[in-house]
Amino acid sequence: MSEYIIEMCNITKEFPGIIANDDITLQLKKGEIHALLGENGAGKSTLMSVLFGLYQPEKGVIKKNGEVVKVRDPNDANALGIGMVHQHFKLVHNFTVLQNIVLGMETTRHGFLRMDEARKKVVSLSEQYGLRVDPDALIEDITVGMQQRVEILKMLYRDNEILIFDEPTAVLTPQEIEELMKIMKGLAAEGKSILFITHKLNEIKQVADRCTVLRKGKYIGTIDVSNVSKEEMSEMMVGRKVALKVDKTPAEPTDVIFETQGLTVINKEHGKKVVDGVSLKVRRGEIVCVAGIDGNGQTELVQAITGLIKADSGSVILNGEDVTHSTIRYKNTHGMGHIPEDRHKHGLVLDYPLAYNLVLQSYFEPEYCTHGFLKYDEIFSYGDSLIEKYDIRSGQGGKTIARSMSGGNQQKAIVAREIDRGPELLIAVQPTRGLDVGAIEYIHRQLVAERDNGKGILLVSLELDEVMSLADRILVIYEGQIVGELDPAEVTAQELGLYMAGSKRKAVSAQ
């Protein structure tokens, strides 16, 4: 009997213009948590997609318990006990939570769906693993964090023994991440074997037994996590030393560039205020961070500010001008930049080439358009300059279809587009979600540079580390209200967590 439950031997997978996996071997022991570490575009998700049957490799074999197996599609993978939680969720948005979990594994009797037993099993699993969900909620109505839980429950529902987690914590709060780490350890203790793609070195140190590092599609090495420091891991991953802490001088804010006054958004379905009278100010030369547990109104607050939804009352003021009811384009051309929370839904046109995505906010400007006709040469030339400047990895440059790029490189494309337009106010929502340490370091430097250039930054983040290291002021949002204004130099992460959970609050001056 092999000591490895899964072996991927000499896997090579190619796409047009790029070798995503170049002769990679990965071995997973039964009952271990094995981390897969690498930069964006290193080939981690591709390798796991080969294991799950979404891609067929050009070379190499997969073995289970020492026997060669053929994984032609995800049905084969499921039959072999392999389950996967994808970085970008595979959910049907107009189905309920319960329907998504049982999809493909439905219990029927005389041709009719029997959901009672499925409901009992889902409720039992959700309570057992602390993944509480509303089985009857529609996917399109729940938060990204809740959708993540549904994906994990899908896998547990199928009794899979080999669990692939692709960036599972990218959308979770600190408390949810702690819970997930416990769940993963519990699953491994029960004999399940876990492959865990992540960029977060803290998480690898916390739960992983071994770690395999990929760089630019090649195998770098497999290490015992307990014997290696975070700095050594990051150097293996990026190929150079990386600063794991944000390097910035104290802020020197000047005049107010942006403010909201009593901004309120009411949920049309249940009539509840999801944003409740929020007043805040952002000055030139400072990073103001809105911190909170996912689902406390930060999504709706940003959508009301940017114009994606209409506010029910209150006002949005940019550069002294009331832009509450202005169009999204007007806001974009008058000093507002927006790195959205959901890069697929609001950040990119996935089936457009990368170059087109880089001019989505400016294609109508004279340098890219004459009499309604696009200037393709100028668009692709500009695209190439951003690809180089922001190190966006794409197999065919500006011609690469956005959908085919790794999640991290899609994010870098959005960050490049928004920062390069030079907005006076940059609203950055989860700007480093799903990025590796090298890319996080780069984007943090960009945000600090924008601040030092006299721009105002409104950062919305679920990452406590990011909040504590980037923010000059922290505004905590809980149930749609700002419940605290904190100085990151004076508050601990634990105290911040109490504000985020609604256990503490103090009067806010709306400064």
Side-chain angles (χ1 to χ4, degrees), residues 74 83-108 112-158 165-173 176 179-180 264-276 292-304 306-312 340-348 350 403 407 429-430 433-434 460 462 477 479-480:
M84 183 168 181
V85 175
H86 300 265
Q87 184 179 358
H88 299 297
F89 309 140
K90 311 289 185 189
L91 298 171
V92 182
H93 277 228
N94 55 348
F95 277 19
T96 65
V97 165
L98 182 62
Q99 288 167 339
N100 269 278
I101 291 170
V102 303
L103 193 58
M105 295 277 294
E106 301 90 344
T107 308
T108 57
F112 290 95
L113 274 175
R114 302 285 299 173
M115 298 298 270
D116 298 347
E117 293 156 32
R119 178 184 292 273
K120 278 181 197 157
K121 183 173 176 182
V122 167
V123 169
S124 167
L125 283 169
S126 69
E127 287 174 358
Q128 181 183 347
Y129 293 109
L131 295 162
R132 284 173 184 75
V133 292
D134 175 1
D136 301 310
L138 290 175
I139 294 296
E140 62 192 1
D141 294 336
I142 63 176
T143 64
V144 179
M146 282 292 174
Q147 291 177 24
Q148 167 75 277
R149 293 181 181 195
V150 176
E151 281 284 14
I152 295 170
L153 283 167
K154 263 168 63 177
M155 208 162 53
L156 297 173
Y157 185 81
R158 283 156 179 73
F165 287 88
D166 187 355
E167 296 286 347
T169 63
V171 294
L172 301 182
T173 64
E176 288 170 328
E179 195 59 46
L180 179 65
T264 299
V265 177
I266 297 169
N267 182 291
K268 302 299 178 278
E269 284 186 18
H270 49 64
K272 188 180 164 204
K273 291 179 181 176
V274 284
V275 179
D276 188 359
I293 292 171
D294 195 21
N296 275 279
Q298 52 273 71
T299 296
E300 292 84 358
L301 173 64
V302 169
Q303 289 180 340
T306 56
L308 288 170
I309 59 174
K310 282 193 164 45
D312 289 282
E341 175 181 13
D342 188 331
R343 52 180 165 248
H344 283 180
K345 204 170 185 179
H346 297 126
L348 299 164
L350 289 170
R403 187 184 295 281
V429 189
Q430 295 283 81
R433 178 184 152 198
V460 179
L462 302 176
I477 191 166
E479 292 188 344

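In what follows, residues are counted from 1 in the order of the sequence shown.
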Return the set of residues passing side chain to side chain donor-acceptor pair (under 3.5 Å) with [X] (not counting sequence neighbours), or none when no residue passes.
X	value
Thr96	Gln99
Glu151	Lys154
Thr299	Glu341
Asn296	none

Restricting to side chain to side chain contact (heavy atoms under 4.5 Å, CB included), what partner residues turn up for Lys121, sequence neighbours left out?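 Partners of Lys121 under the side chain to side chain contact (heavy atoms under 4.5 Å, CB included) test: Leu125, Tyr157, Asp159.
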For Asn100, what residues pass the side chain to side chain contact (heavy atoms under 4.5 Å, CB included) criterion, not counting sequence neighbours?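 Asn100 satisfies side chain to side chain contact (heavy atoms under 4.5 Å, CB included) with Leu91, Val92, Phe95, Ile139, Val150 once adjacent residues are dropped.
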Under the criterion side chain to side chain contact (heavy atoms under 4.5 Å, CB included), I'd like the reasoning laid out for Gln298 against Leu462: C-alpha separation, chi angles, the key distance, then a yes or no. CA-CA 10 Å; Gln298 52 273 71; Leu462 302 176; 3.9 Å; yes
With sequence neighbours left out, write down each residue that passes salt bridge (Lys or Arg N to Asp or Glu O under 4.0 Å) with [X], or none if nothing qualifies.
X	result
Arg158	none
Asp312	Lys268
Lys90	none
Glu269	none

Starting at CD of Glu300, measure out to CD1 of Ile309 and round the result to the nearest 0.5 Å.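 It comes to 6.0 Å.
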Calculate, to the nearest 0.5 Å, the distance between atoms CG and CD belonging to Asp342 and Gln430 respectively.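 If I round to the nearest 0.5 Å, the distance is 11.0 Å.
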Does Leu180 reach the side chain of Ile152, with side-chain heavy atoms less than 4.5 Å apart?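 Result yes, sub-4.5 Å side-chain heavy-atom pair found.
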Any side-chain heavy-atom pair from Glu479 and Asp276 closer than 4.5 angstrom?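 They are not in side-chain contact.
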Quick one: closest heavy-atom pair of [X] and [Y], and the distance?
X	Y	answer
Ala304	Val265	CB-CG2, 3.8 Å
Gly297	Ile477	C-CD1, 4.0 Å
Pro135	Val123	CG-CG2, 4.2 Å

Any salt bridge (charged side-chain N to carboxylate O under 4.0 Å, His left out) involving residues 124-145? Give me the pairs, sequence neighbours left out, ordered by first then second residue.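 For residues 124-145, and leaving out neighbouring residues, the salt bridge (charged side-chain N to carboxylate O under 4.0 Å, His left out) pairs sorted by first residue read Arg119-Asp136.
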Using the test ring pair (Phe, Tyr, Trp, His ring centres under 6.0 Å), find all partners of His346 that sit at least two apart in sequence or belong to another chain.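 Expected list: none.
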Check: Lys120 main-chain N/O paired with Ser124 side-chain donor or acceptor under 3.5 Å: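 Not confirmed, Ser124 side chain does not pair with Lys120 backbone.
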